[in-house]
There are 2 protein chains.
Amino acid sequence: MELPTLADNVGFLLSRTSGLTARTANAALAEYGLRVRQYSVLYLAVDAPDGLSQRELAGVLGLDPSQVVLLVDELAAAGLVERRPSPTDRRTRLVVATATGRQVRGRAARDANSQVRHRLRALSDSEQDTLRDLLARVVRSADADST
Amino acid sequence: MELPTLADNVGFLLSRTSGLTARTANAALAEYGLRVRQYSVLYLAVDAPDGLSQRELAGVLGLDPSQVVLLVDELAAAGLVERRPSPTDRRTRLVVATATGRQVRGRAARDANSQVRHRLRALSDSEQDTLRDLLARVVRSADADST
DNA sequence: TATTGTTATACTCTATAACTATA
DNA sequence: TATAGTTATAGAGTATAACAATA
């Protein structure tokens with residue numbers, strides 16, 4: 001069995017590309033006082049009209065629930081989300097975006113998306129779509145494994 | 001402009017997929033006392049018959065040269081690589097794999113590749129090739145930018 | 001003057017364990 | 001007995017700045 005060169009190693013390429021896009025996104029988000037991890041929590045909160053539990057956030061983001069606590073703390077301190085008691089389970093606290101949070105995420109998302117698309121400009125639009133679909137299938141299969 | 005859901009965001013998917021494959025690779029490499037960063041340095045050293053300068057390693061890996069120093073320190077302490085003076089430039093130290101390093105990287109690479117392929121098994125072989133090619137083009141374009 | 005390797009430092013991210021309150 | 005949230009801690013990864021030796 002012949003070994004490929006490191007430059008042809010999918011894991012290595014994923015790490016490099018992920019690092020590139022994360023740096024790009026963080027640079028775009030700095031204007032809003034956000035980094036990608038906080039931004040991803042805000043993003044999900046905005047898209048969930050009734051909010052999400054921190055457990056749900058951890059699941060979607062692939063993070064440990066203990067990490068989500070700190071991210072929500074920071075977003076709450078910045079006034080972008082708030083924690084509300086769940087009407088059905090007193091253990092659960094729902095993370096809900098504030099009006100400010102919704103505005104910030106809208107502007108931040110457009111800036112970040114634009115910068116990341118530019119970072120990926122070596123790929124055509126349809127190639128970026130292909131990349132997204134391939135990655136999404138890997139993530140879904142991993143999520144299915146851990147269920 | 002309509003915002004996509006986070007699950008359709010290429011940056012987010014890259015981060016998740018990179019994390020998944022890095023964890024998988026680290027688990028496979030633990031048997032050899034390696035982690036992906038150290039492994040990637042060893043990998044390049046093995047493939048360069050006359051060794052590489054730490055500056056070259058940093059360039060290929062997308063790391064800061066100061067980080068490469070520590071990775072080479074660890075590999076040298078484990079007897080997998082050694083630093084040799086460059087015959088042409090007394091500032092430069094060439095990182096060269098030892099015989100042990102070559103053996104270890106061969107076995108480690110086969111284990112890690114096998115595990116990562118399994119982690120990506122939602123994609124067919126040809127889809128994994130497509131993914132690799134798309135990512136490689138992004139990395140090359142970024143490398144060209146910083147030149 | 002510029003480049004190679006190095007040391008140092010601070011910050012972010014990741015991984016785990018343990019605890020509380022509720023279910 | 002299990003689950004949601006939380007606190008704490010340690011280790012790994014990332015980002016910069018500054019310095020000595022050499023080009």
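Throughout, protein chains are lettered first and strands after them, A, B, ... in sequence-line order, and every chain is numbered starting at 1.
Protein atom CG of A/Asn26 is 9 Å distant from nucleotide atom P of D/dA15, rounded to whole Å. The interatomic distance linking A/Arg23 (CZ) with D/dT14 (C1') rounds to 8 Å, in whole Å. For A/Glu74 and C/dC11, the CD to C1' distance is 12 Å, given to the nearest whole Å. Atoms CZ (B/Arg93) and C1' (D/dA23) sit 17 Å apart, rounded to a whole Å. We find that CG of B/Leu29 is positioned 11 Å from P of D/dG13, with the value rounded to whole Å. Going from atom CG of B/Asp73 over to atom P of C/dT4 covers 19 Å, rounded to whole Å. Distance CG (B/Leu14) to P (C/dC13): 17 Å, rounded to an integer number of Å. Between the P atom of D/dG5 and the CG atom of A/Leu71 lies a distance of 14 Å, rounded to the nearest Å.
B/Arg105 places a side-chain heavy atom less than 4.5 Å from the side chain of B/Asp47. Between A/Asp125 and A/Arg117 there is a side-chain heavy-atom pair separated by less than 4.5 Å.
Evaluation of atom-type donor-acceptor distances gives no pair under 3.5 Å for the side chain of A/Arg90 against the base of C/dT22.
Between A/Arg55 and D/dT6, a side-chain N or O to OP1/OP2 separation shorter than 4.0 Å is absent. OP1 or OP2 of D/dA15 has not a single side-chain nitrogen or oxygen of B/Gln67 nearer than 4.0 Å.
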In residues 57-81 of chain B, what donor-acceptor pairs under 3.5 Å come from side-chain atoms, sequence neighbours left out?
unit_1  : atom_1 : unit_2  : atom_2 : d
B/Asp64 : OD2    : B/Ser66 : N      : 3.0
B/Asp64 : OD2    : B/Ser66 : OG     : 2.7
B/Gln67 : OE1    : B/Arg37 : NH1    : 3.4
B/Asp73 : OD1    : B/Arg83 : NH2    : 2.0
B/Glu74 : OE1    : B/Gln38 : NE2    : 3.0

Show me the donor-acceptor pairs, under 3.5 Å and distance only, between side chains in residues 4-11 of chain B and residues at least two apart or in other chains.
unit_1 : atom_1 : unit_2  : atom_2 : d
B/Asn9 : OD1    : B/Gly11 : N      : 2.9
B/Asn9 : OD1    : B/Phe12 : N      : 3.0

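The pair A/Asp129-A/Arg132 meets the salt-bridge criterion, with a side-chain N (NZ, NE, NH1 or NH2) lying under 4.0 Å from an Asp/Glu carboxylate O. Ion pairing between a basic and an acidic side chain is recognised when a charged N comes within 4.0 Å of a carboxylate O; B/Arg107 and B/Glu31 show no such pairing.
Taking every side-chain heavy atom of A/Asp64 into account, C/dT16 is the closest of C/dT6, D/dT14, C/dT16. The side chain of A/Ser53 approaches D/dG5 more closely than any other nucleotide in the set C/dT6, D/dG5, C/dT4. You'll find that the side chain of B/Ser66 is closest to D/dA17, out of D/dA17, C/dT14, D/dG5.
In summary, the side chains of A/Tyr32 and A/Asp111 do present a donor paired with an acceptor at a separation below 3.5 Å, with no hydrogens or angles considered.
Near DNA chain D, defined here as any heavy-atom distance below 4.0 Å, the residues from residues 35-50 of chain B are B/Arg35, B/Arg37, listed numerically.
Positionally, the nearest nucleotide of DNA chain D for A/Asp89 lies more toward the 5' end than for the other of B/Arg91 and A/Asp89.
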